[in-house]
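Note sheet for the following structure.
All residue numbers in this chain count up from 1 along the given sequence.
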Amino acid sequence: MKTSQIVSLFLGICTIFCLESCVKDSLEEPIETATETENESEEPAPVGELLITDLKIPDGFEFKTEKPLQLVINDNTTGVKYDVYAYRASTAQGQFTYISEEDEEITDTDVIVDNLNHLLFSGVPSGGRIEHSFVVPSYFEKLYIRRKEGFAYSSSIVDIVGNEVTYTHVPSSGKGASSSKSAIEDYLYCVNGSGELFQVDPLNGDYTFISTMPMGSYTAAIDQQNKVLYSIGRSKPNPLMKYDMINDAWTTVANLGIGGPRLDYNTQDGLLYFSTGDKLYTIDPLNGTILSQWVINGLDKKQGGDLAFAEDGTLFLCSFSGLYRLTLNNEGDYDSTRISGEDLPFSPTSMTFDSNNELWLANNGSNSNLIVMDTQTGGWEYRYGPNSNSGVSFGRTINDLTTFRIIDETAVDPDTDGDGITDSNDDFPEDADKAFEQFTPSKYGWGTLAFEDLWPFLGDYDFNDTTINYRFVAILNSDNMAVQLDIHFEVTSDGAGFANAFGIEFESIAPSLVESVTGTVLTEGFINVAANGTEQGQSRAVVILFDNNEAMLNIPSKVSVKFTTPITTNQLGLAPFNPFLIVDEDRGKEIHLPNRFRTSLGINDTEVEGVNQDEDGNYQTGTGLPWAINIIHNFKPPKENVPVNQAYNFFNEWAASGGAAYQDWYKDSVGYRNESELQ
């Protein structure tokens with residue numbers, strides 16, 4: 001052996017000896033050794049930086065983003081109707097950047113409020129009582145309860161205590177229900193920069209041209225008592241124009257010299273309120289004199305929009321950044337409180353309240369949409385126009401809106417279908433079997449079911465193999481019992497290499513209680529259905545909505561389930577019920593939410609080639625990870641092979657806390673998402 005080899009061998013033996021000595025010393029004297037001291041100084045990796053497979057999931061956590069709620073409303077008044085919303089008043093702040101009308105990049109402060117219109121259900125007390133079970137997002141702590149008696153509205157915000165809410169109506173002193181109420185017909189009066197004045201019936205979208213204006217305009221406001229419409233010309237000298245609605249005649253009051261997008265008439269002081277940018281003015285409608293001026297504080301964007309007075313005198317303003325409530329402060333200016341949480345996907349140009357206190361908006365565009373928004377939550381929907389599902393489109397710009405009310409003081413609210421619910425309270429006034437609707441997750445919102453389809457093996461946890469947006473609408477009769485369930489859904493992601501099917505089991509409903517199922521898309525031949533549309537061979541009612549996710553991608557669809565006899569909402573169960581995926585046309589291979597039972601046709605086969613991560617069959621790995629999650633929100637799935645915790649920055653904190661932290665981790669709040677990692 002060469003000398004160099006002998007030296008190397010000697011050094012190697014010494015090194016091994018030293019390493020073994022260090023280990024031995026550290027075990028015997030763990031506090032005093034340098035090695036152990038170094039280990040003690042090392043901080044564990046923050047939860048947010050852990051791989052999803054390294055998370056320590058608390059026992060019993062099922063990755064739920066929702067919580068069940070039991071609501072009881074006590075009210076013996078005849079003819080009242082209730083609308084119930086999930087409600088959240090908390091706000092958060094952050095920074096956002098936008099491009100101004102001058103093409104300049106501006107960074108400003110963003111105030112975020114939960115912006116889904118979480119209308120959960122509507123109903124009338126039966127026997128003086130309403131009882132409903134439903135789910136709400138976990139982070140909601142209050143309900144907004146709106147009561148309608150005749151044509152008068154009132155509301156209360158009540159706390160959710162545990163999983164229950166009880167609300168009892170106490171009549172005001174000296175006030176009672178009347179069987180004869182004023183009937184009010186609303187008409188939306190619209191103007192645009194092309195000089196058109198036209199009317200839209202909010203009930204059906206019927207369009208009626210009224211008059212050509214002296215000058216195109218971006219503003220409109222009605223003095224209801226005197227039946228006069230005011231509008232400010234869009235160009236210099238910006239004339240204040242007055243339209244006599246009785247005599248169909250235009251006159252010019254005065255030239256104002258300033259223009260802008262926002263105008264309304266205040267019945268409390270008889271003045272016009274006009275706004276542009278962050279300024280608010282009052283104008284005397286008799287002579288066009290500008291009487292006063294205020295600064296509006298806190299607008300995130302100052303361009304566009306409109307303003308409108310609610311029935312109680314509250315002043316609301318919208319700009320291109322959304323809806324605000326204005327309040328006069330001690331310094332004599334107006335402070336704005338943002339209602340809509342995220343910048344709207346449209347640029348609002350106009351708004352008005354109807355007699356039901358619903359807020360209508362229109363967007364900027366050559367073919368404008370009419371939009372209804374809720375002033376408590378900022379939730380909205382397209383009611384008419386190209387982005388709506390109404391089939392009604394106007395083919396013209398709406399630059400401003402105002403409401404004209406035709407009032408019949410002697411009218412009696414009829415009950416056309418004879419179901420005991422007056423037409424103004426009945427969502428189906430011409431169908432005696434239907435009266436109300438209950439929504440999950442809400443009237444305007446969407447929930448999402450997201451699946452990993454490699455069960456029982458570990459997947460990549462991008463939860464995009466099959467992703468399905470849903471909205472369940474239970475149709476109730478006059479006794480608040482379910483007669484039908486409409487399932488609105490859309491496959492929004494197909495990252496799977498398989499053709500997967502999707503079904504729902506109703507765990508408290510026998511197949512015989514289903515009269516019919518319509519709207520399913522079954523083309524692959526491996527699903528067997530009975531005459532009523534439910535799946536054969538099941539002990540409980542199972543509906544397979546589709547059997548090939550690839551063919552359903554980005555196609556809005558609806559399945560309707562009719563029941564043979566009305567059932568309680570408790571028997572119907574809590575949406576999304578027991579949803580499941582059928583993988584690659586293998587009918588026995590079902591993937592469910594954590595700890596949910598497979599159907600009668602599902603098989604738990606523990607004898608698989610490879611490492612079975614779900615030997616106990618509870619659809620969670622040994623460390624607690626699921627193969628399916630239900631997000632009670634419109635969930636934007638990650639890109640392929642991007643784990644959900646890399647796309648959503650606070651998923652780890654939520655999961656590791658057992659759902660206590662960051663309960664709204666899936667939302668588009670500041671810092672929550674890595675947009676580049678999302679589809």
Side-chain contact, heavy-atom cut-off 4.5 Å: [X] with [Y]?
X      : Y      : value
Gln663 : Phe140 : no
Lys67  : Asn163 : yes
Leu55  : Thr623 : no
His132 : Leu476 : yes
Thr569 : Phe121 : no
Leu593 : Pro579 : yes
Lys667 : Tyr139 : yes
Leu143 : Leu69  : yes

Is the backbone N or O of [Y] less than 3.5 Å from a side-chain atom of [X], with the two atoms forming a donor-acceptor pair by type?
X      : Y      : value
Thr65  : Ile632 : yes
Gln70  : Glu164 : no
Asn532 : Thr534 : yes
Gln620 : Phe61  : yes
Asn645 : Leu50  : yes
Asn548 : Glu550 : yes
Asp83  : Ser122 : no
Asp462 : Glu640 : no
Glu381 : Val372 : no
Arg325 : Thr375 : no

Do you see a donor-acceptor pair shorter than 3.5 Å between the side chains of [X] and [Y]?
X      : Y      : answer
Tyr672 : Asp664 : yes
Thr568 : Asn570 : no
Thr448 : Asn469 : yes

Rounded to the nearest 0.5 Å, what separation is found between the [atom1] atom of [X] and the [atom2] atom of [Y]?
X      : Y      : atom1 : atom2 : result
Leu361 : Tyr382 : CG    : OH    : 11.0 Å
Thr599 : Glu590 : OG1   : CD    : 3.5 Å
Phe472 : Leu485 : CZ    : CG    : 6.5 Å
Ile567 : Leu572 : CD1   : CG    : 5.0 Å
Glu585 : Asp547 : CD    : CG    : 7.0 Å
Ile544 : Glu535 : CD1   : CD    : 4.0 Å

Atom [atom1] of [X] with >12 non-hydrogen neighbours under 6.0 angstrom:
X      : atom1 : answer
Asn389 : CG    : no
Phe597 : CZ    : no
Tyr662 : OH    : no

Considering non-hydrogen atoms only, spot the tightest contact between [X] and [Y] and give its length.
X      : Y      : answer
Gly298 : Ser336 : C-OG, 3.1 Å
Ser321 : Arg338 : O-NH2, 2.7 Å
Lys301 : Ser319 : O-OG, 2.6 Å
Glu677 : Gln646 : CG-O, 4.2 Å
Glu66  : Asn630 : OE1-ND2, 3.4 Å
Ala86  : Leu120 : N-CD1, 3.8 Å

Tell me which donor-acceptor pairs under 3.5 Å the side chains of residues 504-511 have, and how far apart each pair is, sequence neighbours excluded?
from, atom 1, to, atom 2, distance (Å)
Glu505, OE1, Asn578, ND2, 2.8
Glu505, OE2, Arg540, NE, 3.3
Glu507, OE1, Arg596, NH2, 2.6
Glu507, OE2, Arg596, NH2, 3.3

**OP:** Check the pair Glu437 / Lys443 against salt bridge (charged side-chain N to carboxylate O under 4.0 Å, His left out), numbers first and verdict last.
**Re:** CA-CA 9 Å; Glu437 294 175 312; Lys443 183 176 182 178; 5.7 Å; no
**OP:** Specify whether Trp665 and Phe635 have parallel, tilted or perpendicular ring planes, treating 30° as the upper limit for parallel and 60° as the lower limit for perpendicular.
**Re:**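 Geometry flag for Phe635 against Trp665: perpendicular rings.
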Original post:
What is the ring orientation for Tyr144 with Tyr85, classed by angle as parallel under 30°, tilted 30 to 60°, or perpendicular over 60°?
Top reply: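 Rings of Tyr144 and Tyr85: tilted, as their planes differ by 30° to 60°.
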Original post:
How about Phe463 and Tyr461: are their ring centres within less than 6.0 Å of each other?
Top reply: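 Aromatic pair counts; centres sit under 6.0 Å.
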Side-chain donor-acceptor pairs under 3.5 Å in residues 491-503, sequence neighbours left out?
from, atom 1, to, atom 2, distance (Å)
Thr492, OG1, Thr467, O, 3.4
Ser493, OG, Asn464, O, 2.9
Ser493, OG, Gln679, OE1, 3.4
Ser493, OG, Gln679, NE2, 3.0
Asp494, OD1, Asn549, ND2, 3.0
Asn500, OD1, Asp584, N, 3.0
Asn500, ND2, Asp453, OD2, 3.1
Asn500, ND2, Thr466, OG1, 3.3

**OP:** Please assess Phe489 against Phe546 for the test side-chain contact (heavy atoms from CB on, under 4.5 Å), listing each intermediate value before the final yes or no.
**Re:** CA-CA 11 Å; Phe489 68 95; Phe546 58 83; 3.7 Å; yes
**OP:** Please report the C-alpha distance between Ser388 and Arg383 in whole Å, then the side-chain angles of each, then the deciding distance to 0.1 Å, and finally whether the side-chain contact (heavy atoms from CB on, under 4.5 Å) criterion is met.
**Re:** CA-CA 6 Å; Ser388 74; Arg383 186 64 57 87; 5.9 Å; no
Original post:
Tyr619 and ring pair (Phe, Tyr, Trp, His ring centres under 6.0 Å): which partner among Phe580, Phe451, Phe63, Trp455?
Top reply: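 Among Phe580, Phe451, Phe63, Trp455, the one meeting ring pair (Phe, Tyr, Trp, His ring centres under 6.0 Å) with Tyr619 is Trp455.
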Original post:
Yes or no on side chain to side chain donor-acceptor pair (under 3.5 Å) for Tyr324 and Asp300, after CA distance, side-chain angles and deciding distance?
Top reply: CA-CA 10 Å; Tyr324 300 81; Asp300 299 283; 2.7 Å; yes
Original post:
What do the steps show when you test His488 against Trp446 for side-chain contact (heavy atoms from CB on, under 4.5 Å), and what is the final call?
Top reply: CA-CA 9 Å; His488 301 263; Trp446 292 92; 4.0 Å; yes
**OP:** Can you sort out the partners of Glu615 under salt bridge (Lys or Arg N to Asp or Glu O under 4.0 Å), two or more places apart, ordered by chain and number?
**Re:**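 Residues passing salt bridge (Lys or Arg N to Asp or Glu O under 4.0 Å) with Glu615: none at all.
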**OP:** Please step through side-chain contact (heavy atoms from CB on, under 4.5 Å) for the pair Lys142 and Val165, ending with a clear verdict.
**Re:** CA-CA 9 Å; Lys142 300 176 184 291; Val165 170; over 6 Å; no
